[in-house]
**Student:** 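I have a structure I would like to understand better, so I am pasting it below and will then ask my questions one at a time.
The structure displayed is predicted, hence computed values, not measured ones.
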Amino acid sequence: MIPARRLYGLLIGGMAIAIVLAAIFQAWITPGAIAIILLVYDAFILALGWFDSFRTRKQRAEVSRATLHRLSIHRDNPVTLLVKTQHPTTLIVNDHYPDRFAATPSQIQLELEADASHDTTYMVHPTHRGEYEWGDIFLQQLGPWQLAWHSWTVKQPQTVAVYPDLIGLRSLTIRLTLQSAGSIRQARQRGLGTEFAELKDYGTGDDPRLIDWKATARRDRPLVRVLEPEQEQTLIILLDRGRLMTAQVESITRFDWGVNAALSLALAGITRGDRVGIGVFDRQISTWIPPERGQPHFVKLVERLASIQPVLLEPDYFGATTTVVKQQTRRALVVMITDIVDTTASAELLSAMIHLTPRYLPFCVTLRDPEVDQQAHTVTQKLLDTYARAAAIDLLAQRQLAFAQLKQKGVLVLDAPAHQISDQLVDRYLYLKARNLL
């Protein structure tokens, strides 16, 4: 039994009445008699509370947790609880979610009518990938007299896996599908590729070099060839899981942001008909998934990357690119997802990316910490804050110098805040495809 507010109110009210009676009738009633009366009254009220809690056993609401599927890291994932009751019910629900998760709200209170069936949802926000155990559901139901809460536990053990950002991947799938089927894609791609798609009437703004003179002579009106980007190209993604990728950015590791970006890029490549392969490396390539195309291959990529964690090792960039050169003989877009400090600390990265040119199209993608940007652009008043700002400004300047050296050698570069990297990387890839730069 857990006392409710009404029971506390009755106990306090009884004590107040006893004090008033003792003051009024102090000549006729001894303090001992008042104390005995008060004890009998309190015992009676507590007995009513216990009985109120006990009779609630027969009126328990039925509560269960809907089956949990794979969760997405750094996203609000819904968890649904199913509640049924045959009686008017005031219910407090505490679901035992994993300790490393944040939940909103952490406790649910419901007011239900008789013969009600209700689905209630709360959100969990995981910040680490892996498998986690959900525990039991702890319930408190207010008795019919509202004197006490009856508590019990519902056994609901479940094991749930936290994956990369599946919610974001679903949104990206919709976006890519709309672009592929819509007129925007057609308007952007026509005339910019190398593969013949169709003939159309010449219009204002069309490139005269695309006029098909034989078709024009046959049809007796000017016709132009519509070209689209070449399909079935090769995309190789190299994902660094070394020391710099273990740092926390926006409450999750930089490596987790890299995994999200790699899968988003892989999804875009497979949607556009490319062969996509992924290599994860530190001192050596620990995971190598050869390039293939098709949705089943993307599912395999998600499953293989879901359990990989970063390590406190310095990455071997040159070894990773050398493996690509041995494995991939045809020209390909090679995307390196990593982080960069300065030209000195990242000398091996610079030489590895330059090593890929001109046979491949190298693309260096780095995940910047937005807190460094904020520090560099925040006006300071205190001396220590000024030192921190100067360090942040110097760090950004060193990064820009390293990127400038990469660009001079023909390496494509994308440096973006970690939480924005996926969208910007997909947009840059679609731009490269539309311009047929590969």
**Student:** If we ignore angles and hydrogens, is there a donor and acceptor under 3.5 Å between the side chains of Arg65 and Gln158?
**Tutor:** yes

**Student:** Taking distance alone, no hydrogens or angles, what donor-acceptor pairs closer than 3.5 Å link side-chain atoms of residues 284-296 to residues at least two apart or in another chain?
**Tutor:**
residue : atom : partner : partner atom : Å
Ser286  : OG   : Val280  : O            : 3.2

**Student:** Per the ring pair (Phe, Tyr, Trp, His ring centres under 6.0 Å) rule, what does the pair list look like for residues 367-401, sequence neighbours excluded?
**Tutor:**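 Listed by first then second residue: nothing to list.
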
**Student:** Is it true that the side chains of Asp99 and Tyr132 contain a donor and an acceptor less than 3.5 Å apart?
**Tutor:**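 Side chains of Asp99 and Tyr132: no pair found under 3.5 Å.
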
**Student:** Verify the distance criterion only: is there a donor paired with an acceptor across the side chains of His150 and Arg60 at less than 3.5 Å?
**Tutor:** yes

**Student:** Salt bridge or not between Arg399 and Asp339? Use side-chain N to carboxylate O under 4.0 Å.
**Tutor:** yes

**Student:** Can you name the side chain to side chain contact (heavy atoms under 4.5 Å, CB included) partners of Ala66, sequence neighbours left out?
**Tutor:** Thr80

**Student:** Strictly by side chain to side chain donor-acceptor pair (under 3.5 Å), give each pair with a member in residues 48-57 just once, sequence neighbours left out.
**Tutor:** none

**Student:** Sequence neighbours left out, what passes side chain to side chain contact (heavy atoms under 4.5 Å, CB included) with Tyr431? Give chain and number order.
**Tutor:**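 Once residues adjacent in sequence are excluded, the partners of Tyr431 under the side chain to side chain contact (heavy atoms under 4.5 Å, CB included) criterion are Arg435, Leu437.
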
**Student:** Identify the two heavy atoms, one from Asp165 and one from Ile73, that lie closest to each other, and give their separation to 0.1 Å.
**Tutor:** N-CG2, 4.0 Å

**Student:** Test salt bridge (charged side-chain N to carboxylate O under 4.0 Å, His left out) on Glu131 and Arg70; report intermediate values, then the result.
**Tutor:** CA-CA 10 Å; Glu131 289 192 346; Arg70 295 178 297 185; over 6 Å; no

**Student:** Mind running side-chain hydrogen bond (donor to acceptor under 3.5 Å, both in side chains) on Thr380 and Arg389 for me, showing each step along the way?
**Tutor:** CA-CA 8 Å; Thr380 57; Arg389 184 187 181 194; 4.9 Å; no

**Student:** Quick one: side chains of residues 3-24, donor-acceptor pairs under 3.5 Å with protein atoms, not counting sequence neighbours, listed by atom name and distance.
**Tutor:**
residue : atom : partner : partner atom : Å
Arg6    : NH1  : Trp145  : O            : 3.1
Arg6    : NH2  : Gln146  : OE1          : 3.3

**Student:** Out of Arg75, Arg241, Arg129, which one pairs with Asp256 under the salt bridge (charged side-chain N to carboxylate O under 4.0 Å, His left out) rule?
**Tutor:** Arg129

**Student:** Would you please name every residue forming a side chain to side chain contact (heavy atoms under 4.5 Å, CB included) with Lys382, sequence neighbours left out?
**Tutor:**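 Per chain and number, Lys382 pairs via side chain to side chain contact (heavy atoms under 4.5 Å, CB included) with Asp385.
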
**Student:** Using every non-hydrogen atom in the two residues, find where Ala268 and Leu176 come nearest and quote the distance to one decimal.
**Tutor:** CA-CD1, 3.6 Å

**Student:** Go through the structure and list residues passing side-chain hydrogen bond (donor to acceptor under 3.5 Å, both in side chains) with Lys155, not counting sequence neighbours.
**Tutor:**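 side-chain hydrogen bond (donor to acceptor under 3.5 Å, both in side chains) check on Lys155 returns Asp136.
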
**Student:** If we check side-chain contact (heavy atoms from CB on, under 4.5 Å) with Val335, which of these qualifies: Ile278, Ile236, Leu239, Leu265?
**Tutor:** Leu265

**Student:** Among pairs that include at least one residue of residues 242-285, which meet ring pair (Phe, Tyr, Trp, His ring centres under 6.0 Å), considering only residues two or more places apart or in two chains?
**Tutor:** His74-Trp257, Phe281-Tyr317

**Student:** Please enumerate all residues that pass ring-ring contact (aromatic ring centres under 6.0 Å, His included) together with His355, with sequence neighbours excluded.
**Tutor:** Phe318

**Student:** Test of understanding: with ring-ring contact (aromatic ring centres under 6.0 Å, His included), list the residues that count as partners of Trp134, not counting sequence neighbours.
**Tutor:** Phe101

**Student:** Excluding sequence neighbours, so at least two apart, what forms salt bridge (Lys or Arg N to Asp or Glu O under 4.0 Å) with Glu111?
**Tutor:**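 Glu111: no salt bridge (Lys or Arg N to Asp or Glu O under 4.0 Å) contacts found.
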
**Student:** Are side-chain N/O atoms of Tyr122 and Gln107 paired as donor and acceptor at under 3.5 Å?
**Tutor:** no

